[in-house]
Protein chains: 2
Amino acid sequence: MGMPAEERLGLDIKRAEQELIAAKQIAVRPAGLTVPQYATLYVLADNPGISAAALARACLVTPQAMTVVLKNLETRGLVERTPHPWHGNVLETRLTDTGRIALEEADERAVRIEQAIADELTAEERDTLRSLLRRCGTAIDRASSQL
Amino acid sequence: MGMPAEERLGLDIKRAEQELIAAKQIAVRPAGLTVPQYATLYVLADNPGISAAALARACLVTPQAMTVVLKNLETRGLVERTPHPWHGNVLETRLTDTGRIALEEADERAVRIEQAIADELTAEERDTLRSLLRRCGTAIDRASSQL
DNA sequence: TGACGAGTATCAAAGCTTTGATAATGTGCT
DNA sequence: AGCACATTATCAAAGCTTTGATACTCGTCA
């Protein structure tokens with residue numbers, strides 16, 4: 001393999017994300033939610049009536065993946081989907097009261113993970129991390145499109 | 001929700017990882033591999049005869065997840081699993097010639113993604129990013145265990 | 001009016017991942 | 001020898017994700 005594993009920053013990013021998602025799983029589990037479900041409800045809380053496709057874009061997943069998540073949430077009564085008043089073919093999705101309660105319970109614990117990250121770094125370091133990650137992202141996109 | 005979304009660094013980390021994995025998918029796909037399969041073969045190349053459980057730890061997944069990946073790789077003849085010579089209950093896993101070829105083909109393209117990241121940042125910035133991500137990781141672990 | 005393109009929803013198949021539980025094997029300690 | 005412990009492998013169930021394909025609706029433009 002051409003490039004030494006120690007120089008591959010991708011592993012560091014992946015590791016951080018893996019630790020993050022593992023911690024969030026533990027955080028939101030007592031509320032009866034998975035991480036994708038939590039993320040979906042979180043976006044839904046600020047965007048009532050959003051379409052599943054738009055929700056998928058906001059959560060960085062495919063529409064098909066979002067369909068499955070919504071199906072599970074709807075079965076359990078955490079969200080409700082009603083036909084759009086005049087625009088056929090579109091289903092409006094909204095939080096139910098039960099869904100909002102679950103979200104708040106989950107967020108209360110999930111936010112402690114985010115708070116721990118924020119507390120570990122100074123404001124300047126947070127900006128630096130954001131900036132570096134963003135530059136990685138653009139570099140990745142560029143390389144990917146030229147692949 | 002208690003904490004503003006803009007302050008949640010988790011989203012930035014997740015986004016970077018998502019872009020990374022999407023790009024790697026595109027990179028390794030022509031070699032007929034998925035990202036988890038590529039990661040598995042990559043570790044396997046440097047650790048012939050490793051057990052599935054150890055492989056799972058190296059790839060940051062559960063043993064069950066690794067079992068599925070190995071099963072798919074074995075079906076397609078990219079790896080072979082033989083009983084450990086004297087230690088029963090352990091299956092040694094090794095790359096086949098076909099598997100090595102697939103890995104090299106995949107790595108040739110995947111490395112361009114890593115190279116793009118490395119090129120985008122100075123040596124000092126790479127160290128900074130690594131350090132910040134590591135500190136995030138420890139903070140996450142700490143918060144998670146105190147949850 | 002009619003064609004086209006964008007956005008949305010859904011079915012199907014394949015693969016990955018996790019939790020939970022069970023069983024077999026090897027090692028170390030008593 | 002016998003027992004506890006750690007490691008390994010595996011089965012089962014549930015959920016997430018992706019690619020690929022199909023179909024419906026709406027707005028725009030010719």
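On a predicted model such as this, the values are computed, not experimentally measured, just so you know.
The phosphate of C/dT10 has OP1 or OP2 within less than 4.0 Å of a side-chain N or O from A/R81. For A/T34, a side-chain nitrogen or oxygen approaches OP1 or OP2 of D/dC16 to under 4.0 Å. A sub-4.0 Å separation between OP1 or OP2 of D/dT8 and a side-chain N or O of B/R57 is present. Between B/S51 and the phosphate of D/dT8, there is a side-chain N or O to OP1/OP2 separation shorter than 4.0 Å. Between B/N72 and the phosphate of C/dC16, there is a side-chain N or O to OP1/OP2 separation shorter than 4.0 Å.
In this structure, CD of A/Q25 is placed 12 Å from P of C/dT17, rounded to the nearest angstrom. Straight-line distance from the CG atom of B/L78 to the C1' atom of C/dG15: 15 Å, rounded to whole Å. Rounded to whole Å, the distance from CD on B/Q37 to P on C/dA14 is 14 Å. When rounded to the nearest whole Å, the span between CD of B/E74 and P of C/dG15 equals 14 Å. The distance between atom CE of A/M66 and atom P of D/dC16, rounded to the nearest whole Å, is 10 Å. Between the C1' atom of C/dC16 and the CD1 atom of B/I21 lies a distance of 10 Å, rounded to the nearest Å. Nucleotide C/dC16 holds its P atom 16 Å from the CD atom of B/E17, rounded to whole Å. Taking atom CG on A/L33 and atom P on D/dC16, their separation rounds to 10 Å, with Å as the unit.
Distance from the side chain of A/R29 is smallest to C/dG20 among C/dG20, D/dT8, D/dT17. For B/L91, the listed nucleotide lying nearest its side chain is D/dA9; candidates were C/dA9, C/dT18, D/dA9. If you check C/dA9, C/dG20, D/dT18 against the side chain of A/A53, the one that comes closest is C/dA9. Comparing C/dT10, C/dC16, D/dT10 by their closest approach to the side chain of B/P63 singles out D/dT10. With C/dG20, C/dT8, C/dT17 as the choices, the nucleotide that has an atom nearest any side-chain atom of B/P36 turns out to be C/dT17.
The side-chain contact (heavy atoms from CB on, under 4.5 Å) test applied to B/R109 returns A/L147, B/A27, B/P30, B/R112, not counting sequence neighbours.
When heavy atoms are screened at a 4.0 angstrom cut-off, A/A52 is found touching the sugar-phosphate backbone but no base atom. Counting any heavy atom pair closer than 4.0 Å across all strands shown, A/T62 reaches a base atom. At a threshold of 4.0 angstrom between heavy atoms, the contacts of A/Q64 include nucleobase atoms, whether or not backbone atoms are also involved.
Ion pairing of A/E114 with A/K24 is present here, as a side-chain N (NZ or NE/NH1/NH2) and a carboxylate O approach within less than 4.0 Å. Salt-bridge check for A/E124 with A/R126: failed, with every basic side-chain N at 4.0 Å or more from each acidic carboxylate O. One finds no salt bridge joining B/E19 and B/K14 here, because no Lys/Arg side-chain nitrogen approaches an Asp/Glu carboxylate oxygen to under 4.0 Å. Of the charged side-chain nitrogens involved, none lies within less than 4.0 Å of a carboxylate oxygen, so that A/D46 and A/R94 do not count as a salt-bridged pair.
Among pairs with a residue in residues 69-83 of chain B, those fulfilling side-chain hydrogen bond (donor to acceptor under 3.5 Å, both in side chains) read B/R81-B/T93, at least two apart in sequence or across chains.
Mapping A/Q18 and B/R76 onto DNA chain C by nearest heavy atom places B/R76 closer to the 5' end of the strand.
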